[in-house]
Amino acid sequence: MEETYMDKAETDTVHAQTSNVPTRETDGAGPVAASPLALLSLGLLLERPMTPLKLAGTAAERAADSPVEGPPAPAPEEFAAVARALGEAGLTRTVAHTDGPAYALTDRGRSEFARYVVTRLATVDRQPPAFLTAVGYLGALDEDRVTGALRERAGRLRERAARIGQALAASGGVPRLFVIENEYALHMCRAELGWVEEVLAEIDAGTLAWPRVRVTENGWEWEPQDGAAAR
């Protein structure tokens with residue numbers, strides 16, 4: 001079995017890539033490897049050569065086993081398309097397999113995979129989560145609707161945290177490094193739950209009050225209620 005650990009020399013250079021769609025490039029493979037699906041494919045191919053069908057099946061199995069929700073696993077056709085793009089970029093090569101042509105990583109593919117993982121670890125996401133955008137419009141809704149929605153979210157976050165915590169507790173035989181993404185997910189979930197609960201407590205206590213708002217031709221105008229700071 002080939003060694004899959006990455007040499008430090010492969011990860012010394014942080015190479016920022018922001019494309020979400022695999023594209024061809026003549027002077028480097030960066031944008032191809034930057035696609036989330038391409039990164040997933042490269043990560044799976046670190047283990048062994050696989051056909052598109054096997055890539056899809058493995059991804060689906062692991063998504064089903066993961067306590068963290070995510071989008072549906074890509075179809076074999078999607079893996080086949082991205083594998084072709086990776087091959088054209090020199091990151092994979094085609095090898096014979098009992099189930100048909102399979103893809104294997106090239107040395108360049110391993111290096112590009114390592115480089116992009118380092119980039120994602122070091123770079124803060126620019127795209128804000130949808131929840132952050134919605135929070136910016138709390139004042140556009142009435143207090144009861146906001147309270148109801150946040151309480152519903154808090155309940156779902158508690159369920160998610162419990163599910164991830166149970167999965168971590170059941171993974172005692174697995175080296176921590178291979179389930180550490182679940183630790184991160186649990187910490188993020190608990191942090192968000194804590195913030196939601198704090199906001200709900202402030203609303204209940206009246207310390208986060210809804211100011212009186214009137215719509216004018218120049219936009220919204222509001223006055224803070226007694227004891228409440230203007231937004």
Side-chain angles (χ1 to χ4, degrees), residues 1-6 10-11 17 20 33-79 82-83 103 105 109-110 113-135 148-201:
M1 180 175 178
E2 293 184 11
E3 179 64 71
T4 60
Y5 292 100
M6 290 168 268
E10 295 179 324
T11 60
Q17 301 295 345
N20 287 324
S35 159
L37 179 54
L39 187 63
L40 172 61
S41 300
L42 292 173
L44 292 173
L45 293 176
L46 274 175
E47 302 173 21
R48 62 187 182 280
M50 295 188 198
T51 64
L53 185 62
K54 186 63 176 176
L55 284 166
T58 303
E61 289 174 7
R62 294 184 183 175
D65 291 339
S66 174
V68 182
E69 305 96 329
E77 295 77 14
E78 295 176 271
F79 276 109
V82 79
Y103 294 91
L105 285 188
R110 292 176 184 275
F113 172 81
R115 182 167 61 171
Y116 188 68
V117 169
V118 168
T119 297
R120 295 310 312 143
L121 290 173
T123 305
V124 176
D125 292 332
R126 294 182 179 180
Q127 184 68 30
F131 178 60
L132 178 60
T133 302
V135 165
L150 289 180
R151 283 179 177 153
E152 183 176 345
R153 187 180 189 92
R156 291 176 176 174
L157 288 170
R158 291 188 196 97
E159 291 175 359
R160 178 185 294 178
R163 184 169 60 251
I164 298 173
Q166 289 169 0
L168 281 169
S171 64
V174 180
R176 181 186 171 203
L177 189 61
F178 297 126
V179 292
I180 201 166
E181 72 276 13
N182 290 339
E183 285 188 20
Y184 170 79
L186 182 57
H187 278 270
M188 296 300 292
C189 184
R190 287 173 172 169
E192 183 177 313
L193 174 59
W195 183 85
V196 170
E197 289 177 333
E198 286 180 10
V199 170
L200 284 169

Ion pair check, R156 and E192, cut-off under 4.0 Å: no
Please name the pair of heavy atoms, one in P76 and one in L53, separated by the smallest distance, quoted to 0.1 Å. CG-CD1, 3.8 Å
Nearest heavy-atom contact between A185 and V68 is CB-CG2, 3.6 Å
State whether R120 and E181 are salt-bridged, where the test is any N-O pair (Lys NZ or Arg NE/NH1/NH2 against Asp/Glu carboxylate O) under 4.0 Å. no
Please report the shortest heavy-atom distance between P74 and A56, naming the atom on each side. O-CB, 3.7 Å
Within this structure, what is the CD-CG distance for the pair Q127 and L132, rounded to the nearest 0.5 Å? 10.0 Å
Run the numbers on E69 and R163 for side-chain contact (heavy atoms from CB on, under 4.5 Å), then give the verdict. CA-CA 10 Å; E69 305 96 329; R163 184 169 60 251; 2.5 Å; yes
Tell me whether R190 at atom CZ has more than 12 heavy atoms from other residues, nucleotides or ligands lying less than 6.0 Å away. no
To the nearest 0.5 Å, tell me how far E183 CD sits from I164 CD1. 11.5 Å
Please walk me through it: do E78 and V82 pass side-chain contact (heavy atoms from CB on, under 4.5 Å)? CA-CA 6 Å; E78 295 176 271; V82 79; over 6 Å; no
Can you confirm whether F131 is buried at CZ, in the sense that more than 12 heavy atoms of other residues, nucleotides or ligands lie under 6.0 Å from that atom? yes
Nearest 0.5 Å please: distance from the CG atom of L45 over to the CG atom of L105. 5.0 Å
Please find the pair of heavy atoms, one from L40 and one from A59, that lie closest to each other, and give the distance. CD2-CB, 4.3 Å
Is there a side-chain contact (heavy atoms from CB on, under 4.5 Å) between I180 and Y184? Walk through the geometry before answering. CA-CA 6 Å; I180 201 166; Y184 170 79; over 6 Å; no
Within the distance-only criterion (no hydrogens, no angle test), does the side chain of S66 pair as donor or acceptor with the backbone N or O of R62 below 3.5 angstrom? no
Could you state the interatomic distance from OG1 (T51) to CZ (F79), rounded to the nearest 0.5 Å? 10.5 Å
Go through it in stages, so that I can follow the logic: the residues are R48 and T58, the test is side-chain contact (heavy atoms from CB on, under 4.5 Å), and I'd like the CA-CA distance, side-chain angles, deciding distance and then a yes or no. CA-CA 12 Å; R48 62 187 182 280; T58 303; 4.2 Å; yes
Can you measure from CG (L157) to CE (M188) and round to the nearest 0.5 angstrom? 11.0 Å
Minimum heavy-atom distance between A161 and C189, given as atom pair plus value: N-SG, 3.7 Å
Between atom CD of Q166 and atom CG of N182, what is the distance when rounded to the nearest 0.5 Å? 12.5 Å
Looking at every non-hydrogen atom in both residues, tell me the closest pair between S171 and V179 and how far apart they are. OG-CG2, 4.0 Å
